[in-house]
Amino acid sequence: MKKPTLLYVSPFWPMKSGISEYSEKLIYGLQPYFDVTLLVNNYKFENKQIAKQFNCLQYDTSVDYSRYDEILYNFGNNPEYHSYMYEMIQKYQGYIILHDFVLYYLTIGYYAEQQKLLQKVYELEGTKGIQIVKDSLKKNTDIDLIQHKDIAAQLPMNKEVLELAKGIFVHSEYTKNLVKKVASQKEVYKIHLVQSLLEKNMKKEILHKLFSIEPEAFIVGSVGYIAETKQNRLACLAVNHYNACHDKKMHYVMIGEGDYVDDLLGQYIHKTGFIENEDFYSAMADCDLILNLRYPYHGESSATLLQCMAMGKICVVTDIGWFSELPDDAVVKESVGLTVEKLSETIELAISGQLNAKKKVAMEYVANECDAKNIGEKIYMAMR
């Protein structure tokens, strides 16, 4: 039986996005069910194996994409990576995987280029949205609304994309409920994130060597862009609090880029900056404890957290949204109002070995629930 054709639209490496990592795994889970073609916008695939195994195309407005049986868009909140999808879905409806419930930055970025920004704010968010924008412009000297990060959570700006979708895939019940409030007539399906295959030949003790960390020192890590929503400052202060009370010091390494807490970098607090894939897994593997804290929360999930769980790392998350739906015995869940002292206590529990039981449970959860082929089958069944 001939497989249906699927046009898979997503960022891929070298685009610096968790969605790139996700897609490079999911496409192999879709391959048994679809004849898959990949569509990107104006760059070459970094992964040469993918370029050999799949038909890979560049976005071209002159091409008729209606010839494919189905189109599957991966929508995130970055206008640089997803604006061409916004343009494309208005002409070619398809299913979407919604990686971020809030699409503020994508929509603002796209319609600023179209010279229709305030018009679209009004269409999607009404007079309340216009007032939020006006109030923000009064408080900020920068008129570029992309820089108005404090209002993003108040203006999801996702209604147009959701209403254009033939069906919507999300990664949590939390996001599913939010989507149903915006697009009540659409079918919404929950699918797990895909387990990333662990890289072989990982470099040993890469962080120890990079920052001259003592071999026996305990390392707490966080992965991804360094920003207020990732609670990096709270983590830095908790590490400093712990070290002030203990002779044996621990280290905190932020595996990612961003200058949000550069003022706190020092002897025990470090950042790697952006690192390439071959070192990315090695850096996570060199950590003893992973922090994946989120607040304010925009409905996102975390593929890198699943990678850390698959490695058998103790992981600490904020008890909110997708993270709340992870098994209680697989991760440590902390409340939204987490304090420096409480986080320091949790780190101390990890150092003492009292949280080690979560490692095995985390590994089993990812192996059982996040298999790419199982997720590919669920997508196929939903579409057919």
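Every heavy atom of this structure was used, including side-chain atoms; hydrogens, water molecules and symmetry mates were not. Since the structure is predicted, the reported quantities are computational estimates derived from the model, not experimental observations.
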Considering residues, nucleotides and ligands other than [X], do more than 12 of their heavy atoms fall under 6.0 Å from its [atom1]?
X: Glu216; atom1: CD; answer: yes
X: Glu228; atom1: CD; answer: no
X: Lys342; atom1: NZ; answer: yes
X: Tyr122; atom1: OH; answer: no
X: Lys373; atom1: NZ; answer: no
X: Lys180; atom1: NZ; answer: yes
X: Lys3; atom1: NZ; answer: yes
X: Glu113; atom1: CD; answer: no

Please check this pair: side chain of [X] against backbone of [Y], looking for a donor-acceptor N/O pair closer than 3.5 Å.
X: Thr318; Y: Arg294; value: yes
X: Tyr65; Y: Asp60; value: yes
X: Asn77; Y: Tyr104; value: yes
X: His82; Y: Asn74; value: yes
X: Asp288; Y: Ile219; value: yes

For residues [X] and [Y], determine if any side-chain heavy atom of one lies less than 4.5 Å from a side-chain heavy atom of the other.
X: Lys333; Y: Phe323; result: no
X: Leu6; Y: Tyr33; result: no
X: Val102; Y: Met157; result: no
X: Lys44; Y: Pro14; result: no
X: Trp13; Y: Glu21; result: yes
X: Glu87; Y: Tyr59; result: yes
X: Tyr260; Y: Tyr225; result: no
X: Trp322; Y: Thr175; result: no

| task | Carefully, step by step, assess Glu160 and Tyr110 under the rule side chain to side chain donor-acceptor pair (under 3.5 Å). | result | CA-CA 12 Å; Glu160 185 170 39; Tyr110 176 73; over 6 Å; no
Measure from the ring center of [X] to the ring center of [Y] and say whether it is less than 6.0 Å.
X: Phe211; Y: His251; answer: no
X: Tyr297; Y: Tyr174; answer: yes
X: Phe54; Y: Tyr28; answer: yes

Rounded distance (nearest 0.5 Å) linking atom [atom1] of [X] with atom [atom2] of [Y]:
X: Glu123; Y: Gln119; atom1: CD; atom2: CD; value: 5.0 Å
X: Ile97; Y: Ile375; atom1: CD1; atom2: CD1; value: 9.0 Å
X: Gln231; Y: Leu237; atom1: CD; atom2: CG; value: 10.5 Å
X: His270; Y: Cys236; atom1: NE2; atom2: SG; value: 10.5 Å
X: Lys230; Y: Ser302; atom1: NZ; atom2: OG; value: 7.5 Å
X: Met85; Y: Ile71; atom1: CE; atom2: CD1; value: 12.0 Å

| request: Run the salt-bridge test on Lys360 and Asp329 with the 4.0 Å N-O cut-off and return the result as yes or no. | output: no
| Is a salt bridge present between Lys176 and Glu325, judged by a nitrogen-to-oxygen distance below 4.0 Å? | no
| Taking a hydrophobic cluster as the set of Ile, Leu, Val, Met, Phe, Trp and Tyr residues connected by side-chain heavy atoms closer than 4.5 Å, whether directly or through intermediates, do Ile89 and Val179 fall within one such cluster? | yes
| Do the ring planes of His246 and Tyr242 sit parallel (below 30°), tilted (30 to 60°) or perpendicular (above 60°)? | parallel
| Aromatic rings Phe169 and Tyr95: how do their planes relate, parallel, tilted or perpendicular, breaks at 30° and 60°? | tilted
| Is Lys378 close enough and on-axis enough to Tyr189, meaning under 6.0 Å and within 45°, for cation-pi? | no
| request: Verify whether one side chain among Asp319 and Ser335 offers a donor that lies under 3.5 Å from an acceptor in the other. | output: no
| field | Criterion side chain to side chain contact (heavy atoms under 4.5 Å, CB included) against Lys271, the qualifying member of Ile226, Asn232, Ile255, Val253 | value | Ile226
| Going through the distances and angles, do Asp69 and Thr5 end up as a side chain to side chain donor-acceptor pair (under 3.5 Å)? | CA-CA 5 Å; Asp69 294 321; Thr5 57; 3.2 Å; yes
